[in-house]
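Let me begin by presenting the structure, written as structure tokens, before commenting on it.
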Amino acid sequence: MGPQKKNELDRFLDLLPHRYPFLLVDRVLELDHERALTLKNVTHNEPFFNGHFPNMPIMPGVLIVEALAQSAAILALGIIGERRSLFMLTGIDKVRLRRRVVPGDQLRMEVRLIKHHHPLWKMRAEARVDGELVAEAELSAMEVEERIP
């Protein structure tokens, strides 16, 4: 069996400026003009587990929110097309972290558009593990016209 074809939607990952170890989205599962569904496989070899916490690895909540923000940028790129705009996070509201995310978990992130008036964006984001809500937030961002190298 030959190499598996890359998921067609994963091209949006390449449009983000983030790279390992800070790219916190592994796959784009669904994408339309109102919603994005993305995936992060949380593994034992994530660099942040060395210090958070030794002998009790827990994914930091701020990195879960960052993964949601990266998913929001993917949704925005899906809406505006593949031009290489940069999205700067401008606000994080109504954040709730509901349970721990640990190695072996698969983080499924859903982001929905609340409103968009160029250059401002507002989105509602949720992260789930095995269908259970682990984090939620409202994210605001500004699209800047700077080109990403």
Side-chain angles (χ1 to χ4, degrees), residues 4-53 56-144 148:
Q4 187 176 17
K5 182 181 173 191
K6 185 175 180 180
N7 176 354
E8 175 66 18
L9 295 175
D10 284 344
R11 71 183 186 277
F12 288 95
L13 291 175
D14 296 333
L15 297 176
L16 294 178
H18 310 83
R19 295 296 174 259
Y20 179 84
F22 209 70
L23 179 60
L24 297 173
V25 176
D26 293 329
R27 188 138 202 221
V28 181
L29 300 173
E30 296 177 23
L31 182 62
D32 61 36
H33 280 42
E34 296 178 8
R35 174 181 170 268
L37 182 63
T38 61
L39 181 71
K40 167 68 177 156
N41 292 307
V42 182
T43 65
H44 282 281
N45 58 351
E46 304 287 351
F48 48 80
F49 283 141
N50 289 329
H52 199 269
F53 299 99
M56 187 204 250
I58 299 171
M59 185 174 184
V62 295
L63 293 182
I64 297 169
V65 173
E66 174 62 27
L68 291 169
Q70 290 177 19
S71 299
I74 289 168
L75 174 57
L77 288 164
I79 292 170
I80 65 172
E82 295 188 29
R83 74 174 186 258
R84 295 183 59 83
S85 295
L86 185 61
F87 293 89
M88 303 296 293
L89 192 61
T90 58
I92 306 170
D93 298 305
K94 301 180 183 175
V95 177
R96 294 289 180 264
L97 303 171
R98 306 265 182 214
R99 89 155 178 76
R100 297 176 184 170
V101 175
V102 298
D105 283 347
Q106 190 175 68
L107 203 57
R108 292 178 62 96
M109 297 165 286
E110 182 176 19
V111 181
R112 292 187 175 273
L113 181 64
I114 295 174
K115 71 177 154 180
H116 168 230
H117 185 69
H118 183 77
L120 303 175
W121 296 79
K122 187 157 191 163
M123 299 182 193
R124 174 89 185 135
E126 294 181 347
R128 295 180 183 277
V129 172
D130 296 328
E132 182 182 351
L133 184 65
V134 297
E136 59 187 321
E138 285 186 4
L139 306 170
S140 301
M142 178 183 285
E143 181 181 352
V144 295
I148 302 168

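None of the values given here were measured: they were computed from a predicted structure.
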To the nearest 0.5 Å, what is the distance between OG1 on T38 and CG on L29? 7.0 Å

Closest non-hydrogen atoms of S71 and V25, given as atom of the first, atom of the second and distance, are OG-CG2, 3.6 Å

Under a 4.0 Å threshold between the charged nitrogen and the carboxylate oxygen, would E126 count as salt-bridged to R112? no

Any residue meeting side chain to side chain donor-acceptor pair (under 3.5 Å) with N41, in chain and number order, not counting sequence neighbours: Q106

Once salt bridge (charged side-chain N to carboxylate O under 4.0 Å, His left out) is applied, do any residues pair with R99, and if so which ones, sequence neighbours excluded? D105, E132

Roughly how far apart are L37 CG and L9 CG, rounded to 0.5 Å? 10.0 Å

Sorted by chain and number, sequence neighbours left out, salt bridge (charged side-chain N to carboxylate O under 4.0 Å, His left out) with R108 holds for none

Show your working on side-chain contact (heavy atoms from CB on, under 4.5 Å) between W121 and L113 and close with a plain yes or no. CA-CA 8 Å; W121 296 79; L113 181 64; 3.8 Å; yes

Does anything in residues 113-123 pair up under salt bridge (Lys or Arg N to Asp or Glu O under 4.0 Å), and if so which pairs, sequence neighbours excluded? K122-E138

Side-chain (D10) to main-chain (R27) donor-acceptor, under 3.5 angstrom: no

I need the minimum non-hydrogen distance between F49 and V102, along with the two atoms involved. CZ-C, 4.5 Å

Point-to-point distance, once rounded to the nearest 0.5 Å, from CG of L68 to CD of E110: 11.0 Å

What closest approach, in Å, do E66 and L24 show between heavy atoms, and which atom pair accounts for it? CG-CD1, 3.7 Å

So which atom in F12 and which in I74 form the shortest heavy-atom distance, rounded to 0.1 Å? CB-CG2, 3.9 Å

E30: what forms a side chain to side chain donor-acceptor pair (under 3.5 Å) with it, not counting sequence neighbours? R35

Is any side-chain heavy atom of F48 less than 4.5 Å from a side-chain heavy atom of P21? no

Apply side-chain contact (heavy atoms from CB on, under 4.5 Å) to K40 and V101, showing your working. CA-CA 11 Å; K40 167 68 177 156; V101 175; over 6 Å; no

Supply the atom-to-atom distance D26 CG to T43 OG1, rounded to the nearest 0.5 angstrom. 8.0 Å

Are the side chains of L63 and E46 in contact, using a 4.5 Å heavy-atom criterion? no

Quick one: pull up CD1 in I79 and CG in L31 and give me the separation to the nearest 0.5 Å. 8.0 Å

Using residues 89-96 as the side-chain source, report each donor-acceptor pair under 3.5 Å to any protein atom, sequence neighbours left out, with the distance given to one decimal.
| from | atom 1 | to | atom 2 | distance (Å) |
| --- | --- | --- | --- | --- |
| T90 | OG1 | S140 | O | 3.2 |
| T90 | OG1 | A141 | N | 3.4 |

Looking at L75 and V111, what are the two nearest heavy atoms and their distance? CD2-O, 3.6 Å

Tightest non-hydrogen contact, residues A73 and L16, listed as CB-CD2, 3.6 Å

So E143 and I80, do their side chains get closer than 4.5 Å, heavy atoms only? yes

Output the distance between atom CE (M109) and atom CD (E136), rounded to the nearest 0.5 Å. 15.0 Å

